[in-house]
Amino acid sequence: MTALADRAGAAERAVRDRHLRRVWGLPGTVLGRSGWPPSAGQRVHWHWNYWWQAHLLDTLVDAQLRDPSPERLKLIDRFVASLRLRNFGKWINDYYDDIAWLGLALQRVGHLGLDVRGGLEAISSRLREGWTDDAGGGIRWRVGDDFKNAPANGPAAIFHAREGAAEHARGLTAWMTERLVDPDNGLVWDGLRVETGELVKHIFTYCQGVYLGACLELSEVDRVERTIHAVAEHVAPNGVIRGQGGGDGGLFAGILARYLALAAPLLPSGVARDLVIRSADACWAGATETPHGPLFSADWATPAPSLPLAPDAPERDLSVQVSAWMLLEAAATLDHRI
């Protein structure tokens, strides 16, 4: 096993030890607490963040592929059932980006031999309902909203491509290319307000990641390469993907790292690989040790704070810790020996 795989294993153990707990105290259930140390609400999964759980599930699949284990496979099965239970018996909610993320995780869970067909069917149907011709196509951020954005269209495009609906995926990706890609530098803007035509030009790392992933699934290699070079030039100072705080932003860098790692073996330049490896090295070097293993920084270029954590420290957030674990799993797939 490589040193990078060892690091990924340490990150997995730390996240599992600090965050995985029963739902409402029910035997056989498990989800990730949103914070550590947890608040009272986090202890009972009152504050649980559906899409954070989707990425935690996806990263558990990463770990299972790195180091297959019957115990972890059972954990994944329990996790899927618990997520649906905590979502009050449903697979979906009103946010198209949320359900696309869960759909991507469930597709990979299905490849492990677990039966998640009901979830995939529900998610596929809801995502297709989200498409409208307003503003040239694409899907909205959530039901009834006028905002169409990369965080919804990107993962939905990846999902549809992986389920074999390439033309639908191509339509979503083409909409992003036409409406959200900066023609000057290749970066992907956040979204478009349909009613006013206003472009929201925030630059988030995960928007680059999901567009990259969609283009990758559709073999649009020129756009893949352009996006990677835009990332290297604009959102990865000194070769380390920049952090975007805690909360939802805690996941952004890890999502980009996932799709950079998927692109890396297909491209000769080595830029994508270098971004992932340098980010992983910085992330690991900046971790703080805890009784449960490494605690990772919300910004991989900056060391994590020492214990005890301040009440508002972003490193308390599950999102931040899963993002770092996701990065280390992504790096391990590149088999870079150090």
Using a 4.5 Å cut-off on heavy atoms from C-beta on, say whether the side chain of Arg72 contacts that of Asp67. yes

- request: Quick one: sort the His55 and Trp101 rings into parallel, tilted or perpendicular, breaks at 30° and 60°.
  value: tilted

- Any side-chain heavy-atom pair from Tyr96 and Leu127 closer than 4.5 angstrom? yes

Under a single-linkage definition using a 4.5 Å side-chain heavy-atom cutoff for Ile, Leu, Val, Met, Phe, Trp and Tyr, are Leu60 and Val320 assigned to the same hydrophobic cluster?
no

Here the gap from Leu114 atom CG to Asp77 atom CG, rounded to the nearest 0.5 Å, amounts to 5.0 Å

Check for a donor-acceptor pair, side chain of Gln64 on one end and backbone N or O of Ser69 on the other, with a separation under 3.5 Å. yes

Any donor-acceptor pair under 3.5 Å from Arg21 side chain to Asp17 backbone: yes

Treating Trp175 as the side-chain partner and Ala135 as the backbone partner, does any N or O pair qualify as donor plus acceptor under 3.5 Å? yes

If only atom types and distance count, is the side chain of Arg7 paired as donor or acceptor with the main-chain N or O of Ala332 below 3.5 Å? no

Task: Backbone of Trp48 reached by a side-chain donor or acceptor of Gln53 within 3.5 Å - done: yes

>> Within the structure provided, determine whether Asn149 and Cys207 are in side-chain contact (heavy-atom separation under 4.5 Å).
In response: no

One should read off an interatomic distance between Glu129 CD and Ile139 CD1, to the nearest 0.5 angstrom, of 11.5 Å

**Report entry** Any donor-acceptor pair under 3.5 Å from His292 side chain to Ala14 backbone
**Finding:** no

- Query: Are the charged groups of Asp182 and Lys201 less than 4.0 angstrom apart, N to O?
  - Reply: no

Quiz item: Counting distance only, does the side-chain N/O of Asn87 pair as donor-acceptor with the main-chain N or O of Lys90 below 3.5 Å?
Solution: yes

Exercise. Below 4.5 Å, heavy atoms only, C-beta onward: do His19 and Val322 meet side chain to side chain?
Worked result: no

Should Tyr50 and Val15 be regarded as members of a common hydrophobic cluster, given that ILVMFWY residues are connected when their side-chain heavy atoms come within less than 4.5 Å of each other, either directly or indirectly? yes

Are Arg162 and Ile158 side-chain neighbours, meaning at least one heavy-atom pair lies under 4.5 Å? yes

In this structure, CG of Leu295 is separated from CZ of Arg18 (nearest 0.5 Å) by 5.0 Å

Grouping ILVMFWY residues whenever side-chain heavy atoms fall under 4.5 Å, the cluster of Trp284 otherwise contains Phe296, Leu328

**Report entry** Sidechain-backbone polar pair: Ser279 side chain, Leu275 backbone, donor-acceptor under 3.5 Å
**Finding:** yes

For Glu71, is there an ion pair with Lys74 - N to carboxylate O distance below 4.0 angstrom? no

(Q) Ring-plane angle category for His168 and Trp131, please: parallel below 30°, perpendicular beyond 60°, tilted otherwise. (A) tilted

Acceptor/donor pairs from residues 242-268 side chains to any protein atom, 3.5 angstrom cut, sequence neighbours excluded:
residue	atom	partner	partner atom	Å
Arg242	NH2	Ile203	O	3.0
Gln244	OE1	Thr205	N	2.8
Gln244	OE1	Thr205	OG1	3.0
Asp248	OD1	Trp51	NE1	3.0
Asp248	OD1	Trp52	NE1	2.8
Arg258	NH1	Asp62	OD1	3.1
Arg258	NH1	Asp62	OD2	3.2
Arg258	NH2	Asp62	OD2	2.9

| said: Measuring only between side-chain heavy atoms, which start at C-beta, is Asp97 closer than 4.5 Å to Val210? | reply: no

### Task
Output yes when a side-chain donor or acceptor of Arg66 lies under 3.5 Å from a complementary backbone atom of Glu329, and no otherwise.
no

Got Tyr211 and Leu180 here, is their nearest side-chain heavy-atom distance under 4.5 Å?
no

List the atom pairs, donor and acceptor, that lie under 3.5 Å between side-chain atoms in residues 186-199 and the rest of the protein, sequence neighbours left out.
residue	atom	partner	partner atom	Å
Arg193	NE	Glu198	OE1	3.4
Thr196	OG1	Glu198	N	3.2

Only one of Asp94, Asp134, Asp145, Asp146 passes salt bridge (charged side-chain N to carboxylate O under 4.0 Å, His left out) with Arg140, and that residue is Asp134

To the nearest 0.5 Å, atom CG of Leu102 lies from atom CG of Leu83 at 5.5 Å

Item checked: Side chains of Ser297 and Pro303 in contact at under 4.5 Å (non-hydrogen atoms) -> no

- prompt: Do Glu121 and Arg117 sit within salt-bridge range, that is, some charged N less than 4.0 Å from a carboxylate O?
  reply: no

NE2 of His45 to CG of Leu26, rounded to nearest 0.5 Å, is 10.0 Å

Check: His160 side chain, Arg170 main-chain N or O, donor-acceptor pair, under 3.5 Å: no

